K.L.:
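Quick one: structure below, then a few questions.
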2 protein chains.
Amino acid sequence: MFESAEVGHRIDKNNFRQQEARLRNELLLAQSALGKLGKFPVVLLISGVDGAGKGETIAQLYEWLDPRFLSTLAFAEPSDEERERPVMWRYWRALPPKGRIGIFSGSWYSAPIAERIARKLPRSGLDNRLDEINRFETMLVNEGALVLKFWFHLSKVGQKRRLERLEKDPRTAWRVTKLSWARMKTYDELQEVAGHVLRVTNTAAAPWIIVDGTDDNYRNLRVGRALLDALKARLAAGVQQSPLAVAAPLAARIDERNVLSALDLGQRLGEKKYARELAKWQGRLSELSRHKKFAGRSLVLAFEGMDAAGKGSAIRRITAALDPRQFQIVPVAAPTDEERAQPYLWRFWRHMPRQGRISIFDRSWYGRVLVERIEGFCAEADWLRAYAEINDFEHELIEAGSIVLKFWLQIDKAEQLRRFREREKIEHKRFKITEEDWRNRKKWKAYQQAAVDMIDRTSTGKAPWIVVEANDKSFARVKILKAICQQLERVLA
Amino acid sequence: MFESAEVGHRIDKNNFRQQEARLRNELLLAQSALGKLGKFPVVLLISGVDGAGKGETIAQLYEWLDPRFLSTLAFAEPSDEERERPVMWRYWRALPPKGRIGIFSGSWYSAPIAERIARKLPRSGLDNRLDEINRFETMLVNEGALVLKFWFHLSKVGQKRRLERLEKDPRTAWRVTKLSWARMKTYDELQEVAGHVLRVTNTAAAPWIIVDGTDDNYRNLRVGRALLDALKARLAAGVQQSPLAVAAPLAARIDERNVLSALDLGQRLGEKKYARELAKWQGRLSELSRHKKFAGRSLVLAFEGMDAAGKGSAIRRITAALDPRQFQIVPVAAPTDEERAQPYLWRFWRHMPRQGRISIFDRSWYGRVLVERIEGFCAEADWLRAYAEINDFEHELIEAGSIVLKFWLQIDKAEQLRRFREREKIEHKRFKITEEDWRNRKKWKAYQQAAVDMIDRTSTGKAPWIVVEANDKSFARVKILKAICQQLERVLA
């Protein structure tokens with residue numbers, strides 16, 4: 001969930017000033033149009049890790065926008081007035097009217113998350129609260145509200161560094177309290193609970209936008225730009241349209257840096273080291289697949305990546321370590337007629353492994369948000385809702401005891417070309433390279449963007465995406481084997 | 001929830017034969033069009049009380065439809081194949097392909113309901129399962145499926161009588177087993193659990209259709225007609241439209257009998273008896289409002305009914321028993337500007353009582369599914385989704401400790417006319433009768449239908465509708481006071 005917020009975005013002062021001038025101007029125009037139209041409110045939630053700059057960004061929004069038509073609501077402990085009424089009463093009271101922007105600092109997410117971390121709320125109790133929140137937000141969207149939810153993230157190291165930096169500067173030292181340091185201690189727990197909360201409430205109607213909180217300039221621009229884009233899109237769409245029929249679009253990017261572009265594809269493994277590591281992890285996997293506890297679980301692996309990224313050969317290095325009666329490889333191509341007559345996920349449900357078994361998918365249910373999105377094989381609303389459906393799908397697998405891992409094999413464009421040329425030279429590999437591969441190659445950038453969105457929206461604590469630097473096949477294969485073994489060890493321990 | 005299924009529908013043999021001939025013909029045509037189009041499947045769930053005729057209706061559908069394109073799936077204990085996979089796997093396996101009708105007997109609702117009654121599942125666990133089911137059904141609808149969910153209901157007496165009747169007839173005696181009688185014992189529990197399940201899963205995308213199971217002819221026609229109407233509507237709408245954007249329409253009626261038409265409006269209370277009963281229940285209410293436990297609860301009363309049904313005077317008989325510092329009366333008319341700039345329910349949230357207090361609404365949040373529906377003040381999709389939103393709203397109130405009661409005051413058209421004329425005669429009441437009242441009177445039938453739909457869809461175990469025979473004001477007032485006292489006694493006990 002948070003991978004994309006840890007790639008280290010930075011916007012320098014000059015770049016910021018330039019972007020800011022334009023953004024501010026456009027924001028004011030959009031806000032004024034919103035007020036004149038007076039047909040829908042904007043509900044903007046700012047949540048996230050302590051010290052990730054929530055207050056600073058809100059201050060920035062006040063600078064950029066016309067504060068007369070802006071209201072901010074921070075929710076601390078409920079008053080006695082509020083305690084004696086249903087939980088959501090205080091938020092209903094505070095909703096911005098049509099034509100206005102209401103900024104909610106903390107909001108309806110704070111209490112459930114804090115109570116869960118403090119173990120005052122059982123997991124099922126948390127889920128009930130989240131369900132209530134989902135229904136509330138759906139109602140808001142149905143009523144026409146534009147709901148934008150931001151989660152400010154910091155890596156553990158990043159949070160520590162940020163607190164230290166704030167403390168050093170006499171102008172900001174006051175912002176760091178003992179509580180700030182105390183909260184560092186519950187960092188891992190917050191990540192786990194927040195990961196779950198964000199997954200469950202990442203609905204088509206009101207998806208989360210996760211923002212790297214490290215750099216002030218980047219964070220502020222990201223929020224301002226997302227607000228502007230969403231406002232402009234809604235104003236352009238008119239208010240006649242049922243807002244729920246249009247799934248929320250993905251937020252635009254501020255820079256070119258993302259989970260894929262930030263990878264170091266130069267990583268390699270020497271021949272000798274490869275042989276040694278391969279043997280080591282294959283042996284480990286073989287043992288783990290015969291582990292007593294694995295008899296009651298199952299393993300689901302999904303492989304995605306550009307053509308010639310090395311999915312097939314990586315899969316063979318896995319199956320080499322397994323009992324052939326135990327696994328099946330499911331190559332995913334165009335759906336059959338029978339499959340086309342069923343809901344999208346039906347064809348994958350068919351191949352879910354029994355206990356003690358392994359299903360390896362060479363391409364997977366992510367086709368909908370990759371090839372189908374890019375080639376237009378399904379409507380935009382369909383692939384946009386697929387993120388949530390896929391999360392639900394994997395959640396059900398995990399609840400039933402499956403272990404789920406997803407691999408994205410990343411190569412660069414030059415490496416792909418090299419591999420295409422190589423395949424054309426070798427007789428028995430020539431069939432592997434088709435016209436379609438060359439066509440797909442032309443859409444490289446679109447596929448990369450789709451992959452980034454996919455990882456953003458579907459990497460969850462229990463079903464993570466593992467992004468693999470795959471320019472060097474040896475490095476990639478070992479990284480994959482190791483990741484599978486480590487996840488199995490964690491779960492079977 | 002089940003009121004409308006207890007008014008006692010009966011269709012005699014001749015009437016049935018007549019309706020059946022036409023229905024069968026149309027059903028076959030629609031089924032054939034469905035198959036030829038091949039664009040969406042029909043998922044038909046048949047659930048309900050034991051002995052309410054699930055098997056008989058399925059047999060009837062097989063007679064009416066072309067069985068080659070029909071599949072029925074009854075789910076008993078899961079097989080070992082199924083047990084080793086996620087809960088929903090067995091249902092995914094069984095989904096009908098596009099162009100076909102799949103009848104699910106029992107379905108994904110059976111296990112959660114049975115486990116909850118047997119106390120193998122905690123309440124929060126049940127809610128999680130229902131949440132999963134809602135997401136699954138939303139996905140089905142999003143994928144184009146037409147989902148129809150029927151719940152066959154029998155009153156407690158009705159179930160007993162039906163079993164006895166089946167047992168007496170040698171041709172049907174075999175259908176009654178020891179288990180059937182054993183299940184009678186858990187009747188009340190089933191009603192409570194089923195009421196909750198139906199409320200939570202009564203979504204805009206896939207609402208429940210509750211059917212009185214007593215009379216075979218009525219039940220079969222009701223299901224056949226609902227299937228036909230839904231099929232025709234979907235075939236006419238084309239498949240381009242996002243099915244979720246169009247909330248499911250209300251099911252058509254087979255006869256004129258409903259919760260309102262079945263009332264005995266002749267019920268009256270003599271003057272003496274009225275005085276005695278009024279004093280008794282007002283005294284009781286006064287005591288209950290000062291009950292120690294009421295200090296931690298609150299009371300929300302909603303009054304609806306045609307013009308001149310006696311809402312105001314009934315409310316005065318309640319407040320006469322209360323401490324004026326304790327209650328507020330909220331008359332609901334057209335929304336103010338400020339209220340219009342907020343989501344629909346905002347204006348009612350404002351007036352929710354603190355602990356120990358009482359809010360009495362003279363007309364209420366049900367305006368959306370009554371006057372707004374009939375006058376076209378909001379779009380069809382808006383009032384259709386309002387049923388679920390209102391249920392959620394009342395659910396939140398109850399979770400926070402409120403006691404919620406809703407009263408529909410029913411008078412007949414002649415009685416309304418008499419009261420209008422009377423008001424015109426009396427100086428200080430003349431202001432109460434306006435042009436609008438006469439206009440509304442012309443839409444009598446539409447209002448009655450809207451009220452029946454409203455009671456059907458929003459009467460829940462914890463926030464019931466109490467339908468009051470109000471031709472005689474004395475009778476109505478006492479019935480209302482008594483209902484409030486009895487509910488308070490139940491809850492505060």
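Each chain gets a letter, A, B and so on, in the order its sequence line appears, and its residues count up from 1. None of the values given here were measured: they were computed from a predicted structure.
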K.L.:
Tell me, please, which residues at least two apart from A:W346 pass side-chain hydrogen bond (donor to acceptor under 3.5 Å, both in side chains).
P.N.:
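Checked A:W346 against side-chain hydrogen bond (donor to acceptor under 3.5 Å, both in side chains); zero matches.
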K.L.:
Please state whether the side chain, the backbone, both or neither of A:R100 comes within less than 4.5 Å of a heavy atom of chain B.
P.N.:
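Interface part for A:R100: neither.
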K.L.:
Do the charged groups of A:R368 and B:E143 touch, with an N to O distance under 4.0 Å?
P.N.:
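Answer for the salt bridge query: yes.
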K.L.:
Hey, what do you get for CE (B:M88) to CG (A:L345), rounding to the nearest 0.5 Å?
P.N.:
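Answer rounded to 0.5 Å: 12.5 Å.
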K.L.:
A:E84 and side chain to side chain contact (heavy atoms under 4.5 Å, CB included): which single residue from B:R357, B:M352, B:R354 fits?
P.N.:
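Single side chain to side chain contact (heavy atoms under 4.5 Å, CB included) partner of A:E84 among B:R357, B:M352, B:R354: B:R354.
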K.L.:
To the nearest 0.5 Å, tell me how far A:R135 CZ sits from B:N134 CG.
P.N.:
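Taking CZ in A:R135 and CG in B:N134, the distance rounds to 9.0 Å.
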K.L.:
Distance check, rounded to the nearest 0.5 Å: A:Y344 atom OH versus B:M139 atom CE?
P.N.:
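Result: 12.5 Å between the selected atoms.
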K.L.:
Just give me the residue among B:S402, B:P353, B:G356 that pairs up with chain A most often, heavy atom to heavy atom, under 4.5 Å.
P.N.:
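Sorted descending by pairs with chain A, the first entry is B:P353.
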K.L.:
Test your reading of the model: is there a side-chain donor-acceptor pair from A:R385 to the backbone of B:N142, 3.5 Å cut-off?
P.N.:
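Side chain of A:R385 to backbone of B:N142, a donor-acceptor pair under 3.5 Å: yes, one is there.
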K.L.:
Do B:T138 and A:E389 have side chains that approach each other closer than 4.5 Å (heavy atoms only, starting at C-beta)?
P.N.:
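No, their side chains stay 4.5 Å or more apart.
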K.L.:
Find the one option among A:E338, A:R85, A:R340, A:E82 whose heavy-atom pairs under 4.5 Å with chain B are most numerous.
P.N.:
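Of A:E338, A:R85, A:R340, A:E82, A:R85 has the most heavy-atom pairs under 4.5 Å with chain B.
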K.L.:
Determine whether A:P86 and B:W349 make a side-chain contact, defined as any pair of heavy atoms from C-beta on separated by less than 4.5 Å.
P.N.:
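The answer is yes, as the side chains (C-beta and beyond) meet within the 4.5 Å cut-off.
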K.L.:
Select one option (side chain, backbone, both, neither) describing which atoms of B:P343 are under 4.5 Å from chain A's heavy atoms.
P.N.:
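Both backbone and side chain.
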K.L.:
Counting only heavy atoms closer than 4.5 Å, note whether B:D392 contacts chain A via side chain, backbone, both or neither.
P.N.:
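Looking at B:D392, backbone and side chain both touch chain A.
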K.L.:
Got a sec, which pairs hit salt bridge (charged side-chain N to carboxylate O under 4.0 Å, His left out) with one end in residues 394-404 of chain B, sequence neighbours left out?
P.N.:
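Every pair satisfying salt bridge (charged side-chain N to carboxylate O under 4.0 Å, His left out) with a residue in residues 394-404 of chain B: B:E394-B:K406.
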K.L.:
Measure B:R83 against the heavy atoms of chain A and call it side chain, backbone, both or neither at under 4.5 Å.
P.N.:
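When you check distances to chain A, only backbone atoms of B:R83 fall under 4.5 Å.
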K.L.:
How would you list, in number order, the residues of residues 120-129 of chain A that have a heavy atom less than 4.5 Å from chain B?
P.N.:
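So the qualifying residues are A:S124, A:D127, A:N128.
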K.L.:
Quick one: which residues of residues 91-99 of chain B reach chain A at under 4.5 angstrom, heavy atoms only?
P.N.:
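Those residues of residues 91-99 of chain B which have a heavy atom under 4.5 Å from chain A are B:W92, B:R93, B:L95, B:P96, B:P97, B:K98.
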K.L.:
Under a 4.5 Å cutoff for heavy-atom pairs, which residue among A:G38, A:S298, A:A341 has the most contacts with chain B?
P.N.:
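Result: the option with the highest number of such pairs is A:A341.
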K.L.:
Mind ranking A:Q342, A:E132, A:R350 by heavy-atom pairs under 4.5 Å with chain B and telling me who comes out on top?
P.N.:
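Counting heavy-atom pairs under 4.5 Å, the top option is A:Q342.
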K.L.:
Examine whether an atom of B:L140 lies under 4.5 Å from a heavy atom of chain A, and if so say whether it belongs to the side chain, the backbone or both; otherwise answer neither.
P.N.:
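Side chain only.
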K.L.:
Examine whether an atom of B:D80 lies under 4.5 Å from a heavy atom of chain A, and if so say whether it belongs to the side chain, the backbone or both; otherwise answer neither.
P.N.:
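B:D80 touches chain A through backbone and side-chain heavy atoms alike.
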K.L.:
Heavy-atom distance under 4.5 Å to chain A: side chain of B:E339, backbone, both or neither?
P.N.:
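Contact with chain A involves no heavy atom of B:E339 at all.
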